[in-house]
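All chains are named by letter (A, B, ...) in the order of the sequence lines, taking the proteins before the strands, and each is independently numbered beginning at 1. Hydrogens, waters and symmetry mates are skipped; everything else that's a heavy atom, side chains included, is used.
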There are 2 protein chains.
Amino acid sequence: MVKALAQRSRVTIADISARAGVSTATVSRALNGDTRISAATRRRVHDAAQVLGYTVDILARSLQSGRSGLVGLVLGSTDNPFYGELLQEVVRQSGERGTRILILHAGFGPMERPTLEAILQYRLDGCIVSSAEPASQVAALCEEHGVPAVMINRLPMLRTAAVACDNAAGGRVLADLLCRGGHRSFGIVMGPVAASTAREREQGFTSHLAEHGFNVSHRFIRGEDEMPVTSYGGGWQAGLDIANLPVRERPEAVMAISDIMAIGVIDALRQCALRVPQDISVVGFDGIREGARASYGLTTVRQPLRQMVTWSLDLLDRISGSSTQAETLLIPGELVIRSSARPRC
Amino acid sequence: MVKALAQRSRVTIADISARAGVSTATVSRALNGDTRISAATRRRVHDAAQVLGYTVDILARSLQSGRSGLVGLVLGSTDNPFYGELLQEVVRQSGERGTRILILHAGFGPMERPTLEAILQYRLDGCIVSSAEPASQVAALCEEHGVPAVMINRLPMLRTAAVACDNAAGGRVLADLLCRGGHRSFGIVMGPVAASTAREREQGFTSHLAEHGFNVSHRFIRGEDEMPVTSYGGGWQAGLDIANLPVRERPEAVMAISDIMAIGVIDALRQCALRVPQDISVVGFDGIREGARASYGLTTVRQPLRQMVTWSLDLLDRISGSSTQAETLLIPGELVIRSSARPRC
DNA sequence: CTGTTAGCGCTTTCAT
DNA sequence: ATGAAAGCGCTAACAG
């Protein structure tokens, strides 16, 4: 009695079995909803558990079952609000399914070895990878050890699965919008490290333009030294460069490879007294909340975040156990027309 | 052989013990750097581990030791970039210490019961709580079960520890700056749900003004329905309201309770053709990256994020085991003067 | 329907 | 300096 209180020792199924007068096996079964247990016993067990304040020890369960109920998440730099939104959605949905999120990485750059090994050490049920650099490391490790992995918005690597927004199609839709808006010269803005995502977007954009007899006259690759990915700072620099172009050379429309870059571009253009969209149209890609602010009114292609996460989690469930196969789900993005691109010439 | 490959079974210390010709106990000791093991044996064990590609199973270790190496993190809505920055810093530092982050919550609002129980189920070594609403629930649970908890930027609850930026002092510093800038009328902007953090900031601000014979003439409480906390949208609304005030009533300076609100205020003021800081000065609090953008140049008090996280993690280490005590660490914020507040009248 | 018995992989006395 | 054995809390055969 005193001891129990003093030691704050964990309440185990053994405690319940004692109190309910059944074996621990029965307790386990009752608690896990095994239908073979009589209603009466089940009640007694549940009551006892309730009274004692029992909670399963997932560590113990996992040791036995091999599944931890943990999903690893690899995030890029939260400098890009997209990752924050992704995190929130992943946490929400995985919570609903009763699985928890272990953060493996959040930031730019590669992962360190010990961090990577957490995948094995904690017997993760799966991994969701949404950042560029660590993708291949994680893919290799998961592949080798049979841990399901799904890339969000990255090309599937090795035999991992992937779910992505249809980047190429999105690029095409934006090109189309700008063409219809009567723009005749185009620029594109992207970060130094071109992830597959960026390349696809560009490719879709460029090829659609080509089909209509246009091409991309200016291609700005700008980034911050410390973080050579798509970033506000990179967009800002590109914006300044665009503003400094001789007027006749200046593209009438610019597609930024991500919303965060587009926002940087817009700020820089305005800084230089250029008006968006009157003087120049700017479109982005991602659909982050910030783009919806009245001060930006960013026209963009929104990634179907919710669905992408749902499918990722489904995929993880499905491929766990079965031999991992490279399966790719492509979801169309949604064109969101606001005010940063001129509708008519 | 075939079986080993087919089953992809985990490499355990038993495998190592077989290969190295020692007992599993010795393997465990060698791997954990027990000094009593001879150098020769240790080498053999390490080599074998290396060759076999061994990784500890933390689940098994934890079951034995009671410590999981997992720290729970409760985050507010990543709508406020502050939480994204916090996340990144926490992940970085905990990674360095060899502990991993389990996300318990990310978003506005309370936590659901099952999520809360993850704290016990995974035997978390501790919890870091930085969001308002779930704080009391988490505190209660941790308190009751002896799990160390530290509130970041919240009042310590029950017997939990806390580390915070000195909010009151920060408020005072901002008030002082504005006074010296020659401002004579003041407004304050905050979200509907006033966390302790917000109240302290306001209190410091107001009391310093009072000491100099000023007071806050306007107090704007604005938020978004779905998310009644400090938010961009709330700041925006407050900004519009300020802009719509009769000119003579309009405060010369406004302090927003957070940077994200300050940014909303600035955007709205500009939308209404008011210039910041020429027509009105705006200051914020937090020091998020976004405020550093040239388009905002937000004058603010920066929270010493890095140090706050370091201390939190230290605190968790220290109080684990010992009877939890309410300990509060207050770290001064750093005044960052940029261009959103008039320096001289 | 329920109890008995083995472990899951690791650490840790207690011997030697 | 090393081994044998117990056990962390749970689940899953395998009996009845």
Side-chain angles (χ1 to χ4, degrees), chain A residues 4 7-46 48-49 52-70 117 120-125 145, chain B residues 7-46 48-49 52-70 117-118 120-125 145:
Chain A
Q7 296 211 166
R8 281 237 156 284
S9 62
R10 235 189 137 74
V11 179
T12 74
I13 53 172
D15 300 326
I16 300 181
S17 86
R19 192 167 215 275
V22 293
S23 73
T24 60
T26 301
V27 173
S28 173
R29 293 188 186 111
L31 257 23
N32 290 308
D34 188 313
T35 49
R36 299 173 310 185
I37 301 298
S38 74
T41 316
R42 177 173 308 165
R43 268 203 58 76
R44 290 226 314 291
V45 169
H46 273 104
L52 297 173
Y54 170 81
T55 313
V56 279
D57 185 323
I58 302 228
L59 269 35
R61 170 186 286 173
S62 303
L63 187 57
Q64 160 68 33
S65 68
R67 316 199 74 238
S68 64
L70 252 25
E117 287 191 336
L120 273 20
Q121 296 175 338
Y122 285 94
R123 294 201 182 196
L124 299 192
D125 292 348
H145 295 270
Chain B
Q7 296 212 167
R8 279 240 155 283
S9 61
R10 233 190 140 74
V11 178
T12 74
I13 51 172
D15 300 326
I16 300 182
S17 85
R19 191 166 215 277
V22 293
S23 71
T24 60
T26 301
V27 173
S28 173
R29 292 189 185 110
L31 257 22
N32 291 307
D34 188 314
T35 49
R36 299 173 308 184
I37 300 299
S38 73
T41 316
R42 179 173 307 165
R43 267 202 58 77
R44 290 226 314 292
V45 169
H46 273 104
L52 298 173
Y54 170 81
T55 314
V56 276
D57 185 324
I58 301 225
L59 270 34
R61 168 187 287 173
S62 302
L63 186 58
Q64 170 66 232
S65 68
R67 313 199 77 237
S68 64
L70 253 24
E117 286 189 338
L120 273 20
Q121 296 174 339
Y122 285 94
R123 296 200 182 196
L124 299 191
D125 292 348
H145 294 270

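Of the residues in residues 37-45 of chain B, none lies under 4.0 Å from DNA chain C by heavy-atom distance.
Note on Y122(B): every side-chain N or O is 4.0 Å or more away from OP1 and OP2 of dG9(D). Residue S23(B) places at least one side-chain N or O under 4.0 Å from the OP1 or OP2 atom of dG3(D).
Closest approach to the R123(B) side chain among dA4(D), dC8(D), dC10(D) is made by dC8(D) (side chain taken as heavy atoms from C-beta onward). Here the side chain of I13(A) is nearest to one of dT11(D), dG9(D), dT2(D), namely dT11(D).
The interatomic distance linking N32(A) (CG) with dC10(D) (P) rounds to 10 Å, in whole Å. When the C1' atom of dC8(D) is taken as reference, atom CD of Q64(B) falls 6 Å away, rounded to whole Å. Rounded to an integer number of Å, the gap from CG of D15(A) to C1' of dC10(D) is 13 Å. Atom CZ of R61(B) and atom C1' of dG9(D) are 18 Å apart (whole Å). The CZ atom of R10(A) sits 16 Å away from the C1' atom of dG7(D) (whole-angstrom rounding). Rounded to an integer number of Å, the gap from CZ of R29(A) to P of dG16(D) is 15 Å. The CG-P distance, from L120(B) to dG9(D), rounds to 13 Å in whole Å.
Of the candidates V22(A), L31(A), T24(A), L31(A) is the only one forming a side-chain contact (heavy atoms from CB on, under 4.5 Å) with I16(A). Of the residues I13(B), D15(B), I37(B), the one that meets the side-chain contact (heavy atoms from CB on, under 4.5 Å) test with V27(B) is I13(B).
To the nearest 0.5 angstrom, R36(B) atom CZ is 5.0 Å from R29(B) atom CZ. Annotation: the span from S65(A) atom OG to L59(B) atom CG amounts to 8.5 Å, rounded to 0.5 Å. Here the straight-line distance linking atom CZ of R19(A) with atom CG of L52(A) works out to 5.5 Å at 0.5 Å rounding. One distance of note links CG of D125(A) with CZ of R67(A); it measures 4.0 Å at 0.5 Å rounding. Taking CG from L70(A) and OH from Y122(A), the interatomic distance works out to 8.5 Å, rounded to the nearest 0.5 Å. Atom CD1 in I58(A) sits 9.5 Å away from atom CD in E117(B) (nearest 0.5 Å).
Checking side-chain atoms of R123(A) against main-chain N and O of S68(A) turns up no donor-acceptor pair under 3.5 Å. Not a single donor-acceptor pair under 3.5 Å links the side chain of N32(B) to the backbone N or O of D34(B).
In the 5' to 3' direction, nucleotides of DNA chain C lying under 4.0 Å from heavy atoms of chain A begin and end at dC1(C) to dG9(C).
What you find for V56(B) and R61(B) is that their closest heavy atoms are CG1-NH2, 3.4 Å. Heavy atoms only, all atoms of each residue included: S17(A) and S23(A) are closest at CB-C, 3.8 Å.
Each of G21(B) and A60(A) lies near DNA chain D, and the nucleotide nearest G21(B) is the one positioned closer to the 5' end. Nearer to the 5' terminus of DNA chain C, by closest-nucleotide assignment, is the contact made by L59(B) (compared with the other of R36(B) and L59(B)).
Among the protein residues, S65(B) comes within range of no part of the nucleic acid, since none of its heavy atoms lies under 4.0 Å from any strand.
An end-to-end axis angle of 40° holds for the helix from dC1(C)-dG16(D) to dT16(C)-dA1(D), taken from five base pairs per end and rounded to 10°.
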